[in-house]
Amino acid sequence: MATDITRDALITTPSADRAKIYGGAPTSAPTTQHHVDPTLKGDSFLPRVVGHNGAAFHTSPATEVFMKPGVSQISLVLDQMDRLRAVMREKEIDLLKLRHENMILKQIERRQQKEIEHLDCQSQDAPKLIRGLREEIAGLKSKIKAYYSQLNAEERRVRTLNDQCLKLRDTVTRLEQLTASNFLLEREELTKKVAQANERLALHDSVLSETHRKSEMVEKLLNNENRQLRGKIHNLTAENSFLKDKIQKLTDSCQERDKEIASLSIYRYNAVHKKAETVVCKKCVQRDKDENEFKRKQSILERIPILPVPIVSATDGNTVQVLVAAPCSNPENNVEYDKLTLKVTTDPTFSTITKEFNIAVQKASELVQDADKNNFQAELTVNKLSSGQYYHFLLVASCEGIQGSPSQSASVLVDEIPIPPPKPVVAHSLLPPVIQVFVEPSHLSDRSSPPTAYQIYHSNDAQMTESFLIGELTVQPGKQLSFAYNNPRIGAAHYFKIAAINSKGVSQFSEISDAVVMDCPPNRPYKPHITKLDSRSIHILTTCESNGGTDTESWKIRYSRVAEPEASTTLSIKANGLAHNHLDHVIEGLEPGENYVFAVVAVSPGGDSESSENSDEVNLDMMIPIPDPPDVEMLSATSVVVHLPREELARYGERPKITGYRIFGHLDTSLRAVLSALCPVEETNFVIEGLERGCSYNFGLALCGENSKEGEMSETVFVPLAAAITLPPSPDSSDITSKSASDTLRDDPEAPAPMQLKSKSKSRSLSLTQRSQNMHDGNPAYHDPEAEPFSNSQPPILAVEQVHTDGRVSKRTKSNNNLKHTSTLNGRPPKPKANR
């Protein structure tokens with residue numbers, strides 16, 4: 001049916017259709033033969049008419065009647081048949097439309113039935129859904145409140161920052177006004193002066209620290225000498241008091257003897273001049289007895305020798321060794337005594353005696369023949385003395401119960417050097433920088449007195465071969481001893497040891513304390529900067545400011561996919577020794593098309609820093625890499641050719657698509673681009689003309705992607721155009737002798753005129769700075785830029801944006817297709833380098 005409709009639609013008019021089917025009109029009616037085709041399908045009620053050319057059509061009986069007169073009646077029948085067929089076709093089309101609409105309605109009915117069933121299922125869960133929606137609405141309302149509070153806090157912070165910006169803007173305005181009104185030095189000079197001042201301050205600080213160290217050492221020596229002098233003064237004071245008491249006793253005994261002498265004189269006088277009495281006086285008898293006893297005592301005292309001072313030495317904290325050298329008892333030498341006593345006391349006046357020891361007296365007659373019969377020696381050990389006290393010793397000889405004159409006393413400090421104290425405990429804090437040294441009391445010993453003070457020594461050496469006394473602590477009962485070492489050096493290891501002090505002296509050092517490193521973690525690194533190297537690797541750069549701590553030893557780089565933040569990868573990179581605060585690393589093996597984020601942590605002996613801010617999302621398919629520096633070749637003093645890296649485009653990957661290069665030119669070392677040219681990626685060489693003659697340029701290259709995106713510029717290449725200026729040939733020696741200087745200059749067409757030479761001779765008065773600048777620009781040292789006229793006649797180039805010194809901007813460029821047509825320089829064609 002559709003095929004018939006399509007075929008019928010192609011028929012333009014009934015007459016044209018008939019002409020195509022039946023051919024031309026019949027010439028005569030009798031020649032027409034009628035045949036009935038019994039196999040005809042459709043319109044079978046009409047007879048079939050066959051013409052002379054074999055074409056057949058159906059006719060009705062009535063039509064045959066009309067056909068007999070002529071062909072005009074046949075055309076009428078055919079027209080009627082065409083109209084009937086058109087009506088039938090319209091009916092068939094309407095029928096098809098109705099069938100199609102019925103099909104669509106059935107589909108809509110089935111869809112609506114499914115929706116009704118789905119709504120019936122949902123109507124059962126409607127309370128749960130409503131409850132869930134209400135809870136979700138409540139949660140959203142709480143979030144909105146939190147967002148509003150956060151928004152208000154951000155608004156307050158923004159207002160605060162705005163006020164700070166306004167204040168800073170006013171400060172900048174005042175500083176600009178001050179800079180404009182005052183003649184200020186350049187930054188380099190100020191930096192040099194600040195560096196010199198810092199060096200002088202460092203020198204003064206070193207001298208001050210050395211002086212402080214020397215003063216501490218001198219103070220230590222003076223304290224030790226003062227302590228020794230105090231001990232000597234104490235001994236002398238005790239000896240002085242003892243001597244005073246002895247003198248007082250001798251004075252009293254002299255007075256008693258004077259009284260006895262006076263009484264004896266009176267008695268003698270009375271005995272001579274007084275008459276004898278028969279009655280014996282009891283007092284006189286007693287006096288006679290006393291005189292005889294006194295004489296006996298005097299005779300005994302005369303025989304008791306004067307004893308030497310005993311030699312005493314403390315062997316430990318409670319034991320003293322006494323060496324006694326005394327004369328032997330020898331009546332022949334008028335030396336006789338039977339008892340030798342050693343008296344021990346802590347009282348310098350010997351008013352109270354602590355201990356007494358009897359020493360056997362040697363008689364000369366009992367000694368062997370070869371021994372010394374005048375003196376003998378005896379050793380005595382005195383135990384169980386109290387440590388930390390001065391003990392006094394003297395010898396007393398007696399005979400028949402009469403004590404002679406005592407010897408001079410010998411004093412000794414009975415003590416022992418304390419045992420080494422325990423290992424000190426140290427703790428430190430960074431704010432403020434201080435190290436706290438805690439001293440534990442030494443273990444008490446029976447042989448030594450308790451320490452009265454502790455000395456603190458410090459060193460930066462682990463073995464403490466060179467240590468310095470930094471303080472002394474006095475023992476206070478019931479208090480914890482601690483010493484604060486302020487402002488220690490940051491980034492260095494500190495070690496401490498202590499020594500105990502008592503009345504005997506200084507003990508040995510304790511164990512060296514644990515190392516204390518005054519250090520802090522590095523500052524938080526800056527946000528890392530990511531650039532693309534190729535299709536699977538990136539280049540990461542960041543830095544962190546120094547905070548006075550130790551240098552950064554390594555870096556930790558954490559990166560992960562944005563879709564999987566938990567599955568992160570950490571790389572540990574050793575820091576560069578020279579640039580330890582700068583990270584410059586290449587990370588390979590990344591997946592193209594994935595979004596990554598990077599964060600950096602700096603690591604030092606003081607710990608790990610805070611993680612840096614996450615980098616921007618990195619997608620290698622969206623990043624334009626940084627190319628290698630361009631290869632620039634000089635063609636002349638005003639033109640260069642840039643060789644573009646074509647083979648390196650393959651390692652950047654297919655995405656993003658690289659469409660061209662952007663060539664930048666910087667005049668000298670300034671960062672302002674005076675030249676910018678766009679070149680398609682198909683080019684291999686690019687010629688730039690119209691440059692400033694003799695100037696020095698820095699050329700850089702950037703890649704251009706789709707949608708006019710440009711990447712970062714590569715490293716610049718320094719090109720001194722003055723090196724391309726040709727110099728005149730040197731004259732021969734024969735010409736120099738035959739021609740004058742003026743003739744030689746006139747023969748050279750490029751040589752300046754004599755008047756110009758006179759004017760250029762003034763360049764000899766140029767300053768040293770100007771000559772250095774000329775040499776840096778590639779010009780002769782005595783080149784005078786004012787004498788050289790400025791020429792604006794530069795050959796035009798296409799698509800190059802050049803900013804001249806007078807502010808003009810021109811666009812010129814030249815494709816590599818015209819490179820072969822470049823004019824020769826000095827008679828020689830340029831030699832382009834091979835493509836990389």
Side-chain angles (χ1 to χ4, degrees), residues 171 175 178-179 182-222 426-437 455-472 483-497 512-526 542-555 574-584 602-610 769:
T171 305
L175 291 176
L178 181 63
T179 305
N182 297 333
F183 177 72
L184 299 178
L185 297 176
E186 295 183 357
R187 182 175 182 180
E188 295 180 357
E189 297 180 1
L190 292 175
T191 305
K192 291 180 180 179
K193 290 185 177 182
V194 170
Q196 294 175 359
N198 290 332
E199 292 177 358
R200 290 197 296 271
L201 287 175
L203 180 61
H204 290 321
D205 290 339
S206 62
V207 173
L208 181 60
S209 61
E210 184 68 20
T211 306
H212 185 63
R213 186 179 65 84
K214 290 181 179 179
S215 64
E216 287 181 351
M217 294 178 65
V218 171
E219 184 179 0
K220 174 187 173 183
L221 295 175
L222 292 177
V426 292
H428 69 282
S429 64
L430 295 175
L431 293 175
V434 62
I435 299 178
Q436 202 78 16
V437 182
Q455 291 180 345
I456 314 296
Y457 290 84
H458 168 262
S459 177
N460 296 116
D461 184 11
Q463 304 298 329
M464 296 195 75
T465 54
E466 293 184 359
S467 58
F468 302 96
L469 178 66
I470 60 174
E472 186 172 311
F483 179 79
Y485 181 54
N486 297 317
N487 298 323
R489 191 169 67 179
I490 303 298
H494 299 270
Y495 300 89
F496 298 89
K497 62 182 179 181
I512 300 174
S513 67
D514 297 333
V516 177
V517 179
M518 291 296 296
D519 200 358
C520 56
N523 286 338
R524 183 184 185 187
Y526 290 107
T542 188
T543 183
C544 65
E545 296 182 355
S546 177
N547 57 1
T550 53
D551 297 339
T552 302
E553 291 185 348
S554 60
W555 300 84
K574 187 176 181 180
N576 189 2
L578 298 178
H580 51 82
N581 286 338
H582 298 272
L583 174 62
D584 187 348
V603 181
S604 71
D608 296 355
S609 68
E610 296 182 10
T769 305

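For clarity, every value in this text was computed on a predicted model and none was experimentally measured. Both backbone and side-chain heavy atoms feed into the values below; hydrogens, waters and symmetry mates do not. Numbers for residues simply follow the sequence, beginning at 1.
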Student: To the closest 0.5 Å, what do you measure between CG (N487) and CD1 (I435)?
Tutor: 10.5 Å
Student: Determine the minimum heavy-atom distance between T465 and D461, stating which atoms define it.
Tutor: OG1-OD2, 2.9 Å
Student: Any heavy-atom pair between the side chains of W555 and C544 that's under 4.5 Å?
Tutor: yes
Student: If you take all heavy atoms of S215 and H212, which pair is closest and at what distance?
Tutor: OG-O, 2.6 Å
Student: Among T543, N581, N523, find the residue that satisfies the side-chain contact (heavy atoms from CB on, under 4.5 Å) test when tested with T552.
Tutor: N581
Student: Determine the minimum heavy-atom distance between P525 and E610, stating which atoms define it.
Tutor: CD-O, 3.4 Å
Student: How far apart are the C-alpha atoms of E189 and K192, what are their side-chain angles, what is the distance that settles it, and do they pass the salt bridge (charged side-chain N to carboxylate O under 4.0 Å, His left out) test?
Tutor: CA-CA 5 Å; E189 297 180 1; K192 291 180 180 179; over 6 Å; no
Student: In Å and rounded to the nearest 0.5 Å, what is the CD1 to CD distance from I470 to E216?
Tutor: 8.0 Å
Student: Quick check against the 3.5 Å criterion: does N460 have a side-chain atom that pairs as donor or acceptor with the backbone of H494?
Tutor: no
Student: Using distance alone, with no hydrogens and no angle criterion, decide if Y526 and E545 have a side-chain donor and acceptor under 3.5 Å apart.
Tutor: yes
Student: Side chains of Y495 and K497: closer than 4.5 Å at any heavy-atom pair?
Tutor: no
Student: Would the number of heavy atoms belonging to other residues, nucleotides or ligands and lying under 6.0 Å from CD of E466 be above 12?
Tutor: no
Student: Measuring from L221:CG to L469:CG, what's the distance to the nearest 0.5 Å?
Tutor: 10.0 Å
Student: Any donor-acceptor pair under 3.5 Å linking the side chain of S604 with the backbone of P521?
Tutor: no
Student: To the nearest 0.5 angstrom, please state how far the OG1 atom of T542 sits from the CZ atom of R524.
Tutor: 10.5 Å
Student: Heavy-atom distance under 4.5 Å between the side chains of F496 and Y485, does that happen here?
Tutor: yes
Student: Measuring from Y457:OH to I512:CD1, what's the distance to the nearest 0.5 Å?
Tutor: 14.0 Å
Student: Quick one: pull up CG in D608 and OG in S554 and give me the separation to the nearest 0.5 Å.
Tutor: 7.5 Å
